Participant: 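Sending over a structure as structure tokens; questions will come in a sec.
All residue numbers refer to positions in the sequence shown, counting from 1. In this text, all values refer to a predicted model and were calculated from it rather than measured experimentally.
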Amino acid sequence: MGTQRRKRRLSEAIAVAIFMAYCVLTTSAQDVVDKTVAVLSDGSRTELITYTDLLWQLALQPNAPLDPPRKADLEQALQTLIDQRLFALEAQRLPRPASSDKEIADKIQETLSHFPSTPAFEMRLRQVGFESIKDDNFERLMGQRLDIEKYVAFRFESFVVITAEDEKKYYRETYTPEFRRRTPGLLVPSFEDKRAEIHQALTQQKVATSIERFVDEAKQRVQIDILLEV
């Protein structure tokens, strides 16, 4: 009975979420009826991914066309957002302070650096319903993404341990052979000169492995329903 009750509550939660996602969303440019593409639920919390979410994701990618978007880009955006929502569900278990206005502004400036100019980026934003980089909804979106990034840094980077032996082994077995392959005839930089760079590379490798493992495990315990083919 307990299992059936939990399943019924989960179904009801998803049904409510889907209904809400089909409500009319008002933007400054037009009224649009959004469509739910996917629903993620861990039994007590639910995350939605709408078609608008996919367009917002593509707007942040400099080389992704928006009018019309490519199917392959939409599919990749969906997978990216599924991973982000998995982190969002997990982050809710360990509430942390929301990002400050300055942190959000800095994140927006970092994003802008990947585009030719602010007007060029804002033109993309208007294509997906935002007015400008000062749009409250856009700032809220960037704040949510920043919160997830900060959680990932806390969850994975904070617990990475790189030993001196790890660094020396990487220098011997990876850095030195790769340097000689790329630049034959040049003197290989010393271990001490490259130690900080090696430490960073090893940290990134361990974080990437941990994130991949987390995503694989999360997909086993979180119900993911794809409701709309993109």
Participant: Y170: which residues meet the ring-ring contact (aromatic ring centres under 6.0 Å, His included) condition with it, sequence neighbours left out?
Facilitator: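 Once residues adjacent in sequence are excluded, Y170 has no partner under the ring-ring contact (aromatic ring centres under 6.0 Å, His included) criterion.
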Participant: Can you name the closest pair of heavy atoms from P189 and Y175 and give their distance?
Facilitator: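 Of all heavy-atom pairs spanning P189 and Y175, the closest is CG-OH, 3.5 Å.
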Participant: On a heavy-atom basis, which atom in A59 and which in R124 lie closest, and how many Å separate them?
Facilitator: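 Scanning both residues, the minimum pair turns out to be O-NE, 3.1 Å.
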Participant: Is there a path of hydrophobic side-chain contacts, each under 4.5 Å between heavy atoms of I/L/V/M/F/W/Y residues, joining I226 to I49?
Facilitator: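 Yes, I49 and I226 fall within the same hydrophobic cluster.
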Participant: Please report the closest heavy-atom contact between S99 and G143, naming both atoms and the distance.
Facilitator: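 Nearest pair, atom of S99 first, then G143: OG-O, 4.2 Å.
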Participant: Report the distance from atom CD of Q92 to atom OG of S44, rounding to the nearest 0.5 Å.
Facilitator: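 Rounded to the nearest 0.5 Å, the CD-OG separation comes out at 8.0 Å.
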Participant: Please find the pair of heavy atoms, one from L54 and one from A77, that lie closest to each other, and give the distance.
Facilitator: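 In this case the closest contact between L54 and A77 is CD2-C, 4.0 Å.
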Participant: Can you spot which of D53, T46, T80 makes a side-chain hydrogen bond (donor to acceptor under 3.5 Å, both in side chains) with R85?
Facilitator: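 Per the side-chain hydrogen bond (donor to acceptor under 3.5 Å, both in side chains) rule, the option paired with R85 is D53, out of D53, T46, T80.
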Participant: Apply side-chain contact (heavy atoms from CB on, under 4.5 Å) to residues L74 and Y51 and explain how you reach the verdict.
Facilitator: CA-CA 9 Å; L74 288 170; Y51 188 77; 3.9 Å; yes
Participant: Sorted by first residue and then second, give each salt bridge (charged side-chain N to carboxylate O under 4.0 Å, His left out) pair with at least one member in residues 150-164; sequence neighbours left out.
Facilitator: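 Counting only pairs at least two positions apart or across chains, the salt bridge (charged side-chain N to carboxylate O under 4.0 Å, His left out) contacts touching residues 150-164 are E103-K150.
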Participant: Apply ring-ring contact (aromatic ring centres under 6.0 Å, His included) to F154 and list each qualifying residue two or more places apart in sequence or on a separate chain.
Facilitator: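 Counting only residues at least two positions away or on another chain, F154 forms no ring-ring contact (aromatic ring centres under 6.0 Å, His included).
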Participant: Enter the distance from E139:CD to D101:CG here, rounded to the nearest 0.5 Å.
Facilitator: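 Separation between the atoms: 7.5 Å.
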Participant: Going from CG on D83 to CG on L78, what distance comes out if it is rounded to the nearest 0.5 angstrom?
Facilitator: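 Reported to 0.5 Å precision, the distance equals 9.5 Å.
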Participant: Evaluate the side-chain contact (heavy atoms from CB on, under 4.5 Å) criterion for residues E75 and K71: first the C-alpha distance (whole Å), next the side-chain angles of each, then the deciding distance (0.1 Å), finally the verdict.
Facilitator: CA-CA 6 Å; E75 292 174 343; K71 180 177 176 61; 3.1 Å; yes
Participant: Between R195 and E192, does at least one N-O distance fall below 4.0 Å, as a salt bridge requires?
Facilitator: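 The answer is yes: the pair qualifies as a salt bridge.
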Participant: Would a hydrophobic clustering, with Ile, Leu, Val, Met, Phe, Trp and Tyr connected at side-chain separations under 4.5 Å, put F87 with V160?
Facilitator: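 Yes, it is one cluster - the side chains of F87 and V160 are joined through contacts under 4.5 Å.
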Participant: Give a yes or no on whether V128 and L228 share a hydrophobic cluster (residues Ile, Leu, Val, Met, Phe, Trp, Tyr; joining criterion: side-chain heavy atoms under 4.5 Å apart).
Facilitator: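 They do share one cluster, since a chain of ILVMFWY contacts under 4.5 Å joins V128 to L228.
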Participant: Working to the nearest 0.5 Å, report the span between CZ of R93 and CZ of R45.
Facilitator: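 R93 atom CZ to R45 atom CZ measures 4.5 Å (nearest 0.5 Å).
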Participant: So that I can tick it off, tell me whether K102 and D106 are bridged by a salt bridge, with the cut-off set at under 4.0 angstrom between side-chain N and carboxylate O.
Facilitator: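 Judged by the 4.0 Å cut-off on N to carboxylate O distance, D106 and K102 do form a salt bridge.
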Participant: Salt bridge (Lys or Arg N to Asp or Glu O under 4.0 Å), that's the test. Do E149 and R145 meet it? Break it down for me.
Facilitator: CA-CA 6 Å; E149 289 181 10; R145 289 169 177 266; over 6 Å; no
Participant: Any sub-3.5 Å donor-acceptor pair from D135's side-chain atoms to N137's backbone N or O?
Facilitator: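 Between the backbone of N137 and the side chain of D135 there is a qualifying donor-acceptor contact (under 3.5 Å).
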Participant: Is it possible for you to say whether V161 and Y171 belong to one hydrophobic cluster, with membership spreading through side-chain heavy-atom contacts below 4.5 Å?
Facilitator: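 They do not share one cluster, since no chain of ILVMFWY contacts under 4.5 Å joins V161 to Y171.
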Participant: Hey, what do you get for CG (L81) to CD (Q76), rounding to the nearest 0.5 Å?
Facilitator: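 It is 10.0 Å, given to the nearest 0.5 Å.
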Participant: Under 4.0 Å between a Lys/Arg side-chain N and an Asp/Glu carboxylate O for E165 and R172?
Facilitator: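 Result for this pair is yes, salt bridge flagged.
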Participant: Does the T36 side chain pair with the main chain of A38, one donor and one acceptor, at a distance under 3.5 Å?
Facilitator: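 No; zero donor-acceptor contacts below 3.5 Å.
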Participant: Rounded to the nearest 0.5 Å, what separates atom CG in L125 from atom CD1 in I133?
Facilitator: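 Going from the CG atom of L125 to the CD1 atom of I133 covers 8.0 Å.
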Participant: With a 3.5 Å cut-off and sequence neighbours excluded, list the donor-acceptor pairs that the side chains of residues 209-221 form with protein atoms.
Facilitator:
residue, atom, partner, partner atom, Å
T209, OG1, Q205, O, 3.0
S210, OG, K206, O, 3.0

Participant: With a 3.5 Å distance limit and no angle check, can you tell me whether D73 reaches the backbone of A64 through a side-chain donor-acceptor pair?
Facilitator: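 No, D73 side chain to A64 backbone: no donor-acceptor pair under 3.5 Å.
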Participant: List the residues meeting ring-ring contact (aromatic ring centres under 6.0 Å, His included) with Y151, not counting sequence neighbours, and say none if there are none.
Facilitator: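 By the ring-ring contact (aromatic ring centres under 6.0 Å, His included) rule, Y151 matches no residue at all.
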Participant: If you count every heavy atom of other residues, nucleotides or ligands that lies below 6.0 Å from E229 atom CD, does the total exceed 12?
Facilitator: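 Check fails, neighbour count at 12 or below.
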Participant: What side-chain donor-acceptor pairs closer than 3.5 Å can you find for residues 196-204, not counting sequence neighbours?
Facilitator:
residue, atom, partner, partner atom, Å
E197, OE1, K194, NZ, 3.2
H199, ND1, E167, OE2, 2.8
T203, OG1, H199, O, 2.8

Participant: Passes side-chain contact (heavy atoms from CB on, under 4.5 Å), L58 versus Q61? Steps please.
Facilitator: CA-CA 5 Å; L58 294 183; Q61 300 173 197; 3.9 Å; yes
